[in-house]
2 protein chains.
Amino acid sequence: MTTPPPGLRERKKRATREALREAALRLAVERGPDQVRVEDIAEAAGVSPRTYNNYFASREQAIVSAVTADREERIAAAVAARPAGVRLADAVTEAVVEQYAHEGERERGVLLLITTRTALRDAFLGSTAGIEAPLSAVIAERLEGAGAQTARVLAASVAAAVRIALEGWLRPPGGGEAAADLGVAGLVVPSGSLSDRLRAALAPLAPAFDAAEQRTRQ
Amino acid sequence: MTTPPPGLRERKKRATREALREAALRLAVERGPDQVRVEDIAEAAGVSPRTYNNYFASREQAIVSAVTADREERIAAAVAARPAGVRLADAVTEAVVEQYAHEGERERGVLLLITTRTALRDAFLGSTAGIEAPLSAVIAERLEGAGAQTARVLAASVAAAVRIALEGWLRPPGGGEAAADLGVAGLVVPSGSLSDRLRAALAPLAPAFDAAEQRTRQ
DNA sequence: CAGGAAAAGTGCGTGCACGCAAGTTTGCGG
DNA sequence: CCGCAAACTTGCGTGCACGCACTTTTCCTG
């Protein structure tokens, strides 16, 4: 599980992915999301368009991935970092809240950009699915006795809850579409704190975690 | 909630969608999924390719939708049909099992075809997301006091659990080299029935339903 | 330190999704 | 019965995703 020597191959790969991410985001911010073609991103990153396509399955994914970065591992690591004594439901909730709040703060401006385009918004929301696998692994570790299936279901439920929380957070509270049209208008993105929304969305799942945890303890 | 008069417009629309579905499936079965182009589907259904594209966002979606049909409404209706006395968790589980078992039996041959192509498999698994909205509505109705947010989270969790169950079900009978894949797998159920898999995947969510239901009852 | 296997990058070709701006059909008062 | 507005269809053009075959780079092993 460790990285003995990173290896040149791996480092180059990460560098390329990083370059593509950064290029995609920078160009999208500079000239607007619709004015950036795959060709531009690839050129800015110094690779061929075909190679870009080996890293990202869609233009939206590339742009969004600059924000989401490696959120998946961070969340999983944050859960693993919690002491073994805490309720699993709490460990997961706090790990998620922590990471997303952090992200939501750092990238507030970019999130604004993302909400302006439906395709980007969807890609962003879809990125929550990525936390499923790592989270499932770390949950399975704590729920030794309860079978991998249960861990997967719980992890997927968490991912879904996070997605719903983000949906609610990104939806402009300013009365439907009235203000949403004017792109440059007020910074109306976050309604209520993201942390609160995440906690509220995750709360209904706590009993499921408790029950699973209970069963392994015996 | 009723359909006062269907209306010509609406009827035509449904007929077109149905024709596209049927054409897509028939052609895919006849000549293999990769040998059918959008142009063929559209022609077989008597519309332009552009119109086809107004109904389905991808070729895979068109083919798969012939199998999934209007599963969403059927499941929601099945839940609503259960007497108000039963545990909500049971009502949902039974409704899901009922509808999927039915579907899995009727379309066994087609499901085999779907598993042969990754893109189709993904589209099929992705179609579980469609049950989220109707299910959310019907759950919210039973959980009058618990807020719409809870209903959405629960519905999304169910959708995710169903997806996981289907993943597990489609993998083993997919043929080929499934067995030698992972040596770590301890309790790999060879290939249980779909109903069993669905029940197993939904079971971990039952406590969450119970808790939500409990809170509304007071 | 070869030298070959594996992996990453690349060019090309094909079919596709979808915005846009017509044209066509349906529905609804007047 | 008319005519207009909204909904649906269509042709066209653009960029894109991705399979395939091939070159280049990295890695490993004798």
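In the text below, chain A, chain B and the rest are named by the order of the sequence lines, each starting its count at 1. Hydrogens, waters and symmetry mates play no part in the numbers below; they use all other heavy atoms, side chains included.
The shortest distance between the side-chain N/O atoms of A/Thr51 and the OP1/OP2 oxygens of C/dT10 is below 4.0 Å. In this structure, A/Asn53 reaches the D/dA17 phosphate: one of its side-chain N or O atoms is under 4.0 Å from OP1 or OP2. Dashed line: the shortest gap from a side-chain N or O of A/Tyr55 to OP1 or OP2 of C/dG9 is under 4.0 Å.
In this structure, B/Lys12 and B/Phe56 both approach DNA chain C, and ranking their closest nucleotides by distance from the 5' end singles out B/Phe56. When each of B/Lys13 and B/Arg50 is assigned the nucleotide of DNA chain D with its nearest heavy atom, B/Lys13 is the one assigned upstream, toward the 5' end.
Counting heavy atoms of neighbouring residues, nucleotides and ligands inside a 6.0 Å radius, atom CD of A/Glu105 does not exceed 12 of them.
Remark: C1' of C/dC16 and CD of B/Gln35 are 16 Å apart, rounded to the nearest angstrom. One interatomic measurement links the two molecules: CG of B/Asp122 to P of D/dC18, which rounds to 11 Å at whole-angstrom precision. Between B/Arg11 atom CZ and D/dC8 atom C1' the separation is 16 Å, expressed in whole Å. One can place CG of A/Asn54 at 15 Å from C1' of C/dA6, the figure rounded to the nearest angstrom. The interatomic distance linking A/Glu43 (CD) with C/dG11 (P) rounds to 12 Å, in whole Å. Between the CD atom of A/Glu39 and the C1' atom of C/dC12 there is a distance of 15 Å, rounded to whole Å. Rounding to whole angstrom units, CD of residue A/Glu10 and P of D/dT26 are separated by 14 Å. Rounded to whole Å, atom P of D/dA17 lies 13 Å from atom CZ of A/Arg37.
With C/dA17, C/dT26, C/dT10 as the choices, the nucleotide that has an atom nearest any side-chain atom of B/Ser58 turns out to be C/dA17.
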CA sep, side-chain torsions, deciding dist, call: B/Ser48, B/Thr51, side-chain hydrogen bond (donor to acceptor under 3.5 Å, both in side chains): CA-CA 5 Å; B/Ser48 78; B/Thr51 290; 3.2 Å; yes
Stepwise salt bridge (charged side-chain N to carboxylate O under 4.0 Å, His left out) check, A/Arg21 with A/Glu18: CA-CA 5 Å; A/Arg21 268 183 193 160; A/Glu18 188 56 32; 3.3 Å; yes
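Under 3.5 Å, the side chain of B/Arg9 and the base of C/dG27 form no donor-acceptor pair of N or O atoms.
Residue A/Leu198 holds its CG atom at 11.5 Å from CD1 of A/Ile164, rounded to the nearest 0.5 Å. Annotation: the span from A/Arg14 atom CZ to A/Asp70 atom CG amounts to 7.5 Å, rounded to 0.5 Å.
Residue B/Tyr52 is classed as a sugar-phosphate contact, given heavy-atom separations below 4.0 Å to backbone atoms only.
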